S.K.: 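Structure provided below as structure tokens; questions to follow.
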Amino acid sequence: MAMHIPKVGLQTMMKDGAKHYSGLEEAVYRNITACKEIANIVRTSFGPNGMNKMIVNHLDKLFVTNDAATIIRELEVEHPAAKMVILASHQQEHEVGDGTNLVIILAGKLLEKAEALLRMGVAVADVIAGFEQAAEKAAEILPTLACHTVDNLREKEQTITALTTCLASKQAGHEDFLAKLITDACVDVLPKEKTRKPFNVDNVRVCKIVGSGVLSSRVVRGIIFTRSAAGIVRQASDAKIAAYTADVDYAFTETKGTVLINSAAELKQYSKDEEAQLEEQIRAIKDAGVQVIVTTGKVGDMALHFCNRMNLMVVKINSKYELRRLCRATRTTALPRLIPPTPQETGHCDHVELDEIGDTTVTIFRQNDLDSAVSTIIVRGATDNIMDDVERAIDDGVNNFKALTKDQRYVAGAGATEIELALQLANYGDTCAGLEQYAIKAFAEALEAIPHTLAENAGGRAKEVVSKLYAAHQAGDKSAGLDNETDNVGVKNAAEAKILDHLMTKHWALTYATRAACTVLRVDQIIMAKKAGGPKAPKQQHYDED
């Protein structure tokens, strides 16, 4: 008879199937390895020479992109430590809208340097204290490295220069064209200074229409729907608009009712009364001066007949969110019942028209005034994947414009800021006493990962380029960055070449990467409960086709 061995320690408290890891080898190094793997995945997609990833998600949808936020979101990572780094990148996305790849690469490199220190015998607490001290010092140094300021957001040339670098990392070759599009769209909807309202990224819409090429994209001041009008009226100028969330049809009672009809004459009269009531409702809307009716409900045939007869344009919208945007763009109040709107509830649009872009019929609500509430960028492209990638680049550009409304300072890009920070932090580490100095110097070395990755992705000798950058910065050129336009990747002044990164993007990327790395390092035990649910059903291997 086999001897019964009693469970000891944590196993006595947990259900069968629970997992437990503790200590440096089992917990800390495992977590660091997982985070480094995530960083290695997105590292090759960093910068203007970054490679695309082809991802098929759990719904069999294909993504071809170099956008780190999309890659990480569709990978569905399950490792808890790697999720911490991913959450930091999500926070960067919410805070600034750009720099997600920077957070992941930097966090991965910090953990790699931390692993080397831990294997040398430095305590985890000392490494964390050194990283936090270095991050605070970097936050102090960063504003002193600002080399460019946008004086006037409505001055389009300045804004285009500021947005070009951000777009070059997503759509290299189209960055100047897209920067102009985004600037036109954003400046059109930028609130006036006297209103003191914040810039809302939701006011810049994207409408994707397959066909032609990216360079055929354009901006429309107003809003576009990729559907035709319901009736025969195709356009309206200087139009008053009424918006409804109800059906444009016969009125129905909210409760179920029964009508008792005794003869054919009563039935005929009942139908006439219904039609007369509907005609009266639509005539009242027409008498209120309305020329365009917009609804999210259904449009009945009889109601459409009366609208056509009274020369009313009818547009049906499927989404209540799109109706809200249209109401914001035209200053309309959406009504819950089919009643004539008051002058305060009526919106206005300069031109409502049907147009054909490619082989797609669209309805355009166009505003001529400079104080338009919504702008739409029409994106053209040969395939859906190309247009999706352009849309992601536009989204990053619009978020950069929003960051620009909060802080107008820019630092040198192309790895110049990271090398200068690394140089100053390394010198700062020499002045510190205690074991934290090793972590501060490791933090400085981790910053080299950014120019190193840029040079590597551009096909240059990364270590040689980093050495040249250090030499240039030692000589006093604080804006010396990577030059990927020469045959052999070299060095040039990034500020003079107008390669600029937003100061807020760098600040929050350093903050979130450090916090994520320190959070991972603070974990010394991993306890995983048994997953809920029973065993999965076995797959049928040799089933019959019939």
Side-chain angles (χ1 to χ4, degrees), residues 46-48 92 95-103 106 138-172 174-187 190 193 199 201 393-394 396-425 447 450-451 454 469 472-485 490-511:
F46 187 62
Q92 173 81 0
E95 188 68 42
V96 186
D98 189 25
T100 50
N101 207 340
L102 181 61
V103 172
L106 202 51
E140 288 176 23
I141 297 168
L142 202 55
T144 65
L145 303 181
C147 62
H148 181 79
T149 305
V150 177
D151 301 320
N152 184 6
L153 292 177
R154 297 185 189 276
E155 184 65 41
K156 292 188 177 181
E157 286 302 320
Q158 291 187 38
T159 310
I160 289 169
T161 302
L163 296 180
T164 302
T165 305
C166 151
L167 295 166
S169 63
K170 304 291 187 300
Q171 287 289 319
H174 294 141
E175 64 270 18
D176 294 324
F177 175 74
L178 291 176
K180 187 178 183 305
L181 279 185
I182 294 166
T183 301
D184 289 343
C186 292
V187 171
L190 183 64
E193 290 180 12
F199 175 79
V201 294
I394 289 171
D396 281 355
V398 173
N399 277 295
N400 259 269
F401 185 87
K402 184 179 181 180
L404 189 56
T405 61
K406 297 177 181 178
D407 191 342
Q408 288 78 42
R409 292 173 296 172
Y410 277 78
V411 293
T417 302
E418 285 80 8
I419 288 291
E420 184 61 30
L421 281 173
L423 195 62
Q424 294 196 31
L425 285 175
L447 290 170
I450 305 306
L454 287 171
L469 286 172
H473 282 261
Q474 290 276 17
D477 187 1
K478 290 186 177 183
S479 298
L482 195 82
D483 182 7
N484 65 344
E485 293 177 350
V491 175
K492 69 178 175 184
N493 189 298
E496 290 175 4
K498 299 299 181 186
I499 303 172
L500 306 166
D501 287 331
H502 200 276
L503 191 141
M504 271 179 66
T505 305
K506 296 288 185 191
H507 171 78
W508 288 111
L510 286 166
T511 304

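What you see is a predicted model, and the numbers here were worked out from it, not measured in a lab.
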S.K.: Enter the distance from Thr100:OG1 to Glu95:CD here, rounded to the nearest 0.5 Å.
M.R.: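 These two atoms lie 14.0 Å from each other.
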
S.K.: Hey, are Glu420 and Gln424 close enough side-chain-wise for a donor-acceptor pair under 3.5 Å?
M.R.: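 Yes, Glu420 and Gln424 have a side-chain donor paired with an acceptor closer than 3.5 Å.
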
S.K.: Hey, could you give me the CG/CG distance between Leu510 and Leu102, rounded to the nearest 0.5 Å?
M.R.: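 Between atom CG of Leu510 and atom CG of Leu102 there are 7.0 Å.
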
S.K.: Phe199 and Leu404: side chain to side chain contact (heavy atoms under 4.5 Å, CB included), yes or no, with the steps?
M.R.: CA-CA 10 Å; Phe199 175 79; Leu404 189 56; over 6 Å; no

S.K.: Once side chain to side chain contact (heavy atoms under 4.5 Å, CB included) is applied, do any residues pair with Asn399, and if so which ones, sequence neighbours excluded?
M.R.: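 By the side chain to side chain contact (heavy atoms under 4.5 Å, CB included) rule, Asn399 matches Val201, Asp395.
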
S.K.: Say whether, by atom type as modelled, one donor and one acceptor occur between the side chain of His148 and the main chain of Ala495 under 3.5 angstrom.
M.R.: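 Not at all, since once roles are kept as given, no pair shorter than 3.5 Å links the two residues.
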
S.K.: Return yes if some donor-acceptor pair links the side-chain N/O of Glu418 with the main-chain N/O of Pro451 below 3.5 Å, else return no.
M.R.: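 Not confirmed, Glu418 side chain does not pair with Pro451 backbone.
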
S.K.: Which residues satisfy the side-chain hydrogen bond (donor to acceptor under 3.5 Å, both in side chains) test with Asp176, sequence neighbours excluded?
M.R.: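 Scan of Asp176 (side-chain hydrogen bond (donor to acceptor under 3.5 Å, both in side chains), adjacent residues dropped) gives none.
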
S.K.: I want to check something: taking the side chain as every heavy atom from C-beta on, are Leu145 and Leu421 in contact at a cut-off of under 4.5 Å?
M.R.: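 Of all side-chain heavy-atom pairs linking Leu421 with Leu145, at least one is under 4.5 Å.
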
S.K.: Drop me the distance from Asn152's CG to Gln408's CD, to the nearest 0.5 angstrom.
M.R.: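 Taking CG in Asn152 and CD in Gln408, the distance rounds to 10.0 Å.
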
S.K.: Which distance, rounded to the nearest 0.5 Å, do you find between the OG1 of Thr183 and the NZ of Lys180?
M.R.: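 If I round to the nearest 0.5 Å, the distance is 8.5 Å.
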
S.K.: Would you check if the side chain of Ser479 reaches a backbone N or O of Asn493 as a donor-acceptor pair within less than 3.5 Å?
M.R.: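 Not confirmed, Ser479 side chain does not pair with Asn493 backbone.
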
S.K.: Write down the atom of Leu454, the atom of Gly47, and the distance for their closest heavy-atom approach.
M.R.: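 The answer is CD2-CA, 3.7 Å.
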
S.K.: May I ask you to decide if Gly413's main-chain N or O and Thr417's side chain share a donor-acceptor pair within less than 3.5 Å?
M.R.: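 It does not hold such a pair.
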
S.K.: Any idea which heavy atoms bring Lys170 and Asp396 closest together, and the distance?
M.R.: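 Heavy-atom minimum between the residues: CE-OD2, 2.7 Å.
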
S.K.: Could you check whether any side-chain heavy atom of Val491 comes within less than 4.5 Å of a side-chain heavy atom of His473, counting everything from C-beta outward?
M.R.: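 No. Closest side-chain heavy atoms not under 4.5 Å.
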
S.K.: Using a 3.5 Å distance criterion without hydrogens, assess whether the side chain of Thr159 forms a donor-acceptor pair with backbone atoms of Leu153.
M.R.: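 Here the side-chain-to-backbone pair exists.
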
S.K.: Please report the interatomic distance CD1(Ile419) to NZ(Lys478), rounded to the nearest 0.5 Å.
M.R.: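 Reported value, rounded in 0.5 Å steps: 14.5 Å.
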
S.K.: Tell me the closest heavy-atom pair linking Lys498 and Thr165, and the distance in Å.
M.R.: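 Result for this residue pair: O-OG1, 3.5 Å.
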
S.K.: Could you tell me whether Lys156 atom NZ has more than 12 heavy atoms of other residues or ligands within 6.0 Å of it?
M.R.: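 Check passes, neighbour count above 12.
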
S.K.: About how many Å separate SG of Cys166 and CZ of Phe401, when rounded to the nearest 0.5 Å?
M.R.: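 These two atoms lie 13.0 Å from each other.
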
S.K.: Given Lys506 and Leu142, is the side chain to side chain contact (heavy atoms under 4.5 Å, CB included) satisfied, shown in steps?
M.R.: CA-CA 8 Å; Lys506 296 288 185 191; Leu142 202 55; 3.8 Å; yes

S.K.: Any side-chain heavy-atom pair from Trp508 and Val103 closer than 4.5 angstrom?
M.R.: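 No, their side chains stay 4.5 Å or more apart.
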
S.K.: If you compare all heavy atoms of Ala414 against all heavy atoms of Asp501, which two are closest, and at what distance to 0.1 Å?
M.R.: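 Taking Ala414 first and Asp501 second, the nearest heavy atoms are N-OD2, 4.4 Å.
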
S.K.: Could you go through Gln171 and Glu175, starting from their C-alpha distance and side-chain angles, then the distance that decides it, and tell me whether this counts as side chain to side chain contact (heavy atoms under 4.5 Å, CB included)?
M.R.: CA-CA 6 Å; Gln171 287 289 319; Glu175 64 270 18; 6.0 Å; no

S.K.: For Ala146 versus Leu503, what's the shortest heavy-atom pair and its separation?
M.R.: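 Looking at all heavy atoms of both residues, the closest pair is CB-CD1, 4.2 Å.
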
S.K.: I'd like to know whether Leu167 forms a side chain to side chain contact (heavy atoms under 4.5 Å, CB included) with Asn400, so could you lay out the CA-CA distance, the side-chain angles of the two residues, the decisive distance to 0.1 Å, and finally the verdict.
M.R.: CA-CA 10 Å; Leu167 295 166; Asn400 259 269; over 6 Å; no

S.K.: Using the ring-ring contact (aromatic ring centres under 6.0 Å, His included) criterion, which residues pair with Phe46? Sequence neighbours excluded.
M.R.: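 Once residues adjacent in sequence are excluded, Phe46 has no partner under the ring-ring contact (aromatic ring centres under 6.0 Å, His included) criterion.
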
S.K.: Considering all heavy atoms of both residues, which atom of Cys147 and which atom of Leu500 are nearest to each other, and what is their separation?
M.R.: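 For Cys147 and Leu500, the tightest heavy-atom pair comes out as SG-CD2, 4.0 Å.
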
S.K.: Are any side-chain N or O atoms of Gln92 and backbone N or O atoms of Gly97, one a donor and one an acceptor, separated by less than 3.5 Å?
M.R.: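 No; zero donor-acceptor contacts below 3.5 Å.
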
S.K.: Counting N and O atoms only, with roles assigned by atom type, does the side chain of Thr144 sit under 3.5 Å from a partner on the main chain of Glu140, one being a donor and the other an acceptor?
M.R.: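 Looks like no, no N/O pair under 3.5 Å.
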
